[in-house]
S.K.: 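Provided herewith is a single structure, encoded as structure tokens, for subsequent inquiry.
Bear in mind the structure is a predicted one, so any value in this text is a computation, not a measurement. All chains are named by letter (A, B, ...) in the order of the sequence lines, taking the proteins before the strands, and each is independently numbered beginning at 1.
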Amino acid sequence: MKIDLILFFLLAGIAVVTSILVITRRNAIISAVFLVLNFFALAGLYLLLNAQFISVVQIIVYAGAIMVLFLFVLMLLRTDNESPILSDKRPLKYFAILISVFVFVQIAYLLFAGKPSRNITPDEAASINSGTIQAIGKELYTNYIIPFEVAGFLLLAATIGALVLAKKKFE
Amino acid sequence: MSSVPMEYYLILSAFMFIVGVTGVLIRRNAIVVFMCIELMLNSANLSLVTFSSYLGNPIGQIFVFFVMTVAAAEAAVGLAIIIAIFRNKLTVNIDEINIFKW
């Protein structure tokens with residue numbers, strides 16, 4: 001067994017288990033901590049896929065910035081634990097899980113029957129070159145400069161919007 | 001990378017997306033619903049990076065970069081909305097936030 005296959009199964013196992021724990025824990029803070037663990041497993045998978053820049057950005061932006069925001073809001077708001085997920089009288093919840101499993105089986109069937117990798121011949125050198133910060137920066141500042149500026153403007157708008165929404169109203 | 005079939009990554013991505021959808025459907029805490037949306041965005045990112053890496057083309061990773069930007073903006077504005085709702089209703093349970101229902 002090759003080392004990258006072993007690493008893939010290790011990281012994929014962590015990602016699967018933590019993502020299930022995120023939606024089954026009753027305490028929201030524990031959910032948030034498992035989500036951070038899930039983001040770290042994904043960053044490892046990105047490294048396995050030769051996407052170094054995205055892997056680092058994943059840890060800094062998602063596990064660092066966004067999850068700190070979530071934990072701050074969780075600490076500010078007093079939230080009670082939810083009742084156990086499947087114990088209350090909501091037959092619709094079972095229906096939701098049933099539909100999710102059905103859709104997952106459909107996607108898995110499509111992937112195994114359709115084999116999207118059939119026409120793709122992986123090129124290790126091109127793959128390593130495409131994940132470096134040089135390749136991404138070159139594309140980002142030449143062909144994708146306008147989307148890049150728009151993304152900056154979007155972040156400014158989001159900052160102002162969050163301030164206006166969360167501001168205490170003086171009446 | 002080359003000894004792991006591409007379908008493995010896509011199945012993992014599909015699984016995480018479905019877990020996120022299930023979480024949005026069965027959880028009642030608005031903040032946990034937001035976390036499940038982040039889970040779905042991340043699973044989409046994983047399949048974008050997978051295709052980008054196997055095709056040797058950086059454009060998929062640039063798209064992931066923009067998805068992260070939008071996710072950050074969405075988290076900031078969404079959590080501000082949740083705080084504003086909590087200030088008025090003193091709850092984040094989405095069963096009790098029903099002022100638009102009639």
S.K.: Between B/S53 and A/S127, is there a donor-acceptor pair closer than 3.5 Å when you use the side chain of the first and the backbone of the second?
M.R.: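 No, the answer is negative, given that no donor and acceptor are paired below the 3.5 Å cut-off.
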S.K.: What part of A/K138 is in contact with chain B, defined as an atom under 4.5 angstrom from a non-hydrogen atom: side chain, backbone, both or neither?
M.R.: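 Contact with chain B: none, neither part.
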S.K.: Check whether A/F72 gets within reach of chain B through its side chain, its backbone, both or neither, counting any heavy atom under 4.5 Å.
M.R.: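 Contact with chain B involves no heavy atom of A/F72 at all.
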S.K.: As an exercise, state the distance from CG of A/L49 to OG1 of B/T50, rounded to the nearest 0.5 Å.
M.R.: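 A/L49 CG to B/T50 OG1: 5.0 Å, rounded to 0.5 Å.
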S.K.: Could you measure the distance from the OG1 atom of A/T18 to the CG atom of B/L39? Nearest 0.5 Å is fine.
M.R.: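 One finds 8.0 Å between OG1 of A/T18 and CG of B/L39.
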S.K.: Take a 6.0 Å sphere around CG of B/L90 and say whether it holds more than 12 heavy atoms from other residues, nucleotides or ligands.
M.R.: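 Yes - once you tally the heavy atoms of other residues, nucleotides and ligands closer than 6.0 Å, there are more than 12.
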S.K.: Taking the side chain as everything from C-beta on, heavy atoms only, tell me whether B/F66 gets closer than 4.5 Å to A/V150.
M.R.: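 A side-chain contact is absent here, since even the closest heavy-atom pair is not under 4.5 Å.
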S.K.: Do the non-hydrogen side-chain atoms of A/F53 and B/Q61 ever get within less than 4.5 Å of each other?
M.R.: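 Of all side-chain heavy-atom pairs linking B/Q61 with A/F53, none is under 4.5 Å.
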S.K.: At a 4.5 Å cut-off on heavy atoms, which part of A/L111 comes close to chain B: side chain, backbone, both, or neither?
M.R.: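 The answer is both parts of A/L111.
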S.K.: Specify which of A/V22, A/L74, A/V61, A/N129 makes the most heavy-atom pairs with chain B at under 4.5 Å.
M.R.: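 With the most close heavy-atom pairs to chain B, the winner is A/L74.
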S.K.: Minimum heavy-atom separation for B/I26 and A/K93, please, with both atom names.
M.R.: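 Of all heavy-atom pairs spanning B/I26 and A/K93, the closest is O-CE, 3.1 Å.
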S.K.: Is B/Y8 close to chain A through its backbone or its side chain, or both, or neither, when contacts mean heavy atoms under 4.5 Å?
M.R.: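 Interface part for B/Y8: both.
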S.K.: How close do A/A51 and B/V49 get, heavy atom to heavy atom, and via which atoms?
M.R.: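 Distance-wise, the nearest heavy atoms are CB-CG1, 3.7 Å.
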S.K.: Can you find a heavy atom in the side chain of A/Y62 that is under 4.5 Å from one in the side chain of B/N42?
M.R.: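 Sidechains of B/N42 and A/Y62: in contact.
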S.K.: Counting only non-hydrogen atoms closer than 4.5 Å, does A/F8 touch chain B with its backbone (N, CA, C, O), its side chain (CB onward), both, or neither?
M.R.: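 Side chain only.
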S.K.: State the CG-CD distance between A/L110 and B/E7, to the nearest 0.5 angstrom.
M.R.: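 A/L110 CG to B/E7 CD: 12.0 Å, rounded to 0.5 Å.
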S.K.: For the hydrophobic clusters of this structure (ILVMFWY residues joined by side-chain heavy atoms under 4.5 Å, transitively), does one cluster hold both A/I133 and A/I136?
M.R.: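 Yes, because A/I133 and A/I136 connect within a single hydrophobic cluster, where side-chain heavy atoms sit under 4.5 Å apart.
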S.K.: With chain B, which of A/V16, A/I128, A/V103 has the greatest number of heavy-atom pairs at distances under 4.5 Å?
M.R.: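 The answer is A/V16.
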S.K.: With a 4.5 Å cut-off on side-chain heavy-atom distances among I, L, V, M, F, W and Y, is there a chain of contacts connecting A/V57 to A/F40?
M.R.: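 Yes.
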S.K.: Can you tell me which portion of A/I20 sits under 4.5 Å from chain B's heavy atoms? Options are side chain, backbone, both or neither.
M.R.: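 Both parts, backbone and side chain.
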S.K.: So A/Q58 and B/V64, do their side chains get closer than 4.5 Å, heavy atoms only?
M.R.: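 Not touching, per the 4.5 Å side-chain cut-off.
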S.K.: For B/I62 and A/F148, run side chain to side chain contact (heavy atoms under 4.5 Å, CB included): C-alpha distance rounded to whole Å, both residues' side-chain angles, the deciding distance at 0.1 Å, then the answer.
M.R.: CA-CA 10 Å; B/I62 288 167; A/F148 184 68; over 6 Å; no
S.K.: Does A/V33 belong to the same Ile/Leu/Val/Met/Phe/Trp/Tyr cluster as A/L37, with side-chain heavy atoms less than 4.5 Å apart forming each link?
M.R.: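 They do not share one cluster, since no chain of ILVMFWY contacts under 4.5 Å joins A/V33 to A/L37.
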S.K.: Got A/I23 and B/V32 here, is their nearest side-chain heavy-atom distance under 4.5 Å?
M.R.: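 Of all side-chain heavy-atom pairs linking B/V32 with A/I23, none is under 4.5 Å.
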S.K.: For chain B, find which of A/P147, A/G152, A/S130 contributes the most heavy-atom pairs closer than 4.5 angstrom.
M.R.: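 That would be A/S130.
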S.K.: Which class fits the ring pair A/F104 and B/F15: parallel under 30°, tilted 30 to 60°, perpendicular over 60°?
M.R.: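 Answer is perpendicular, since the angle exceeds 60°.
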S.K.: With a 4.5 angstrom heavy-atom cut-off, could you sort out which part of A/I107 is near chain B: side chain, backbone, both or neither?
M.R.: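 Side chain only.
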S.K.: Can you confirm whether B/N45 sits close enough to A/Y46 that some side-chain heavy atom of one is under 4.5 Å from a side-chain heavy atom of the other?
M.R.: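 Contact flag for B/N45/A/Y46 side chains = yes.
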S.K.: Please report the shortest heavy-atom distance between B/R27 and A/T24, naming the atom on each side.
M.R.: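 So the two residues come closest at NH1-N, 4.1 Å.
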S.K.: Between A/L140 and chain B, with a heavy-atom cut-off of 4.5 Å, which part of the residue counts as in contact: side chain, backbone, both or neither?
M.R.: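 Both parts, backbone and side chain.
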S.K.: Indicate the atoms forming the closest heavy-atom contact of B/P58 with A/E139, along with that distance.
M.R.: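 Smallest heavy-atom distance, with atoms named: CG-CG, 4.0 Å.
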S.K.: Heavy atoms only, distances under 4.5 angstrom: which of A/T159, A/L163, A/L42, A/V101 has the most pairs with chain B? Name it, please.
M.R.: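 Among A/T159, A/L163, A/L42, A/V101, the one with the most close pairs to chain B is A/L42.
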S.K.: Do A/F95 and B/L25 have side chains that get closer than 4.5 Å, going by heavy atoms?
M.R.: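 No, too far: nothing below the 4.5 Å cut-off.
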S.K.: Report the option among B/N57, B/V33, B/V21 that has the most heavy-atom pairs separated by less than 4.5 Å from atoms of chain A.
M.R.: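 Among the listed options, the one with the most contacts to chain A is B/N57.
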S.K.: CD1 of A/I60 to CE of B/M68: how many Å apart, nearest 0.5 Å?
M.R.: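 Output value for this atom pair is 10.0 Å.
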S.K.: Locate the shortest heavy-atom distance separating B/N29 from A/A28; write the atom from each residue and the value.
M.R.: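 So the minimum-distance heavy-atom pair works out to ND2-CB, 3.7 Å.
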S.K.: Can you tell me which of B/L10, B/I11, B/V24 forms the most heavy-atom pairs within a distance under 4.5 Å of chain A?
M.R.: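 Most heavy-atom pairs within the cutoff with chain A belong to B/I11.
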S.K.: When only pairs under 4.5 Å are counted, which of B/L79, B/L12, B/I81 shares the most heavy-atom pairs with chain A?
M.R.: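 Looking at each of B/L79, B/L12, B/I81 in turn, B/L79 comes out on top.
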S.K.: Is chain B contacted by the side chain of A/A32, its backbone, both, or neither, given a heavy-atom distance below 4.5 Å?
M.R.: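 When you check distances to chain B, atoms from both the backbone and side chain of A/A32 fall under 4.5 Å.
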S.K.: Do A/F112 and A/L5 sit in one hydrophobic cluster, given that two such residues count as connected whenever their side-chain heavy atoms are within less than 4.5 Å of each other, even indirectly?
M.R.: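 In one cluster: yes.
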S.K.: Assigning hydrophobic clusters by single linkage (Ile, Leu, Val, Met, Phe, Trp, Tyr; side-chain heavy-atom cutoff under 4.5 Å), is A/V56 placed with A/L47?
M.R.: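 They do not share one cluster, since no chain of ILVMFWY contacts under 4.5 Å joins A/V56 to A/L47.
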S.K.: With heavy-atom distances below 4.5 Å as the criterion, would you say the side chains of B/F86 and A/L76 are in contact?
M.R.: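 Side-chain contact under 4.5 Å: no.
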S.K.: Working to the nearest 0.5 Å, report the span between CD1 of A/I66 and CD of B/E38.
M.R.: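 Result: 5.0 Å between the selected atoms.
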S.K.: What distance separates A/K115 NZ from B/M6 CE, expressed to the nearest 0.5 Å?
M.R.: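 Rounded to the nearest 0.5 Å, the NZ-CE separation comes out at 9.5 Å.
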S.K.: Looking only at heavy atoms and a cut-off of under 4.5 Å, which of B/V92, B/V77, B/L46 has the most pairs with chain A?
M.R.: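 Counting heavy-atom pairs under 4.5 Å, the top option is B/L46.
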S.K.: Give a yes or no on whether the backbone of A/A151 and the side-chain of B/T69 come within a donor-acceptor separation of less than 3.5 Å.
M.R.: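 It does not hold such a pair.
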S.K.: For the interface with chain B, which of A/A96, A/A162, A/S100 has the highest count of heavy-atom pairs at distances below 4.5 Å?
M.R.: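 Winner by heavy-atom pair count: A/S100.
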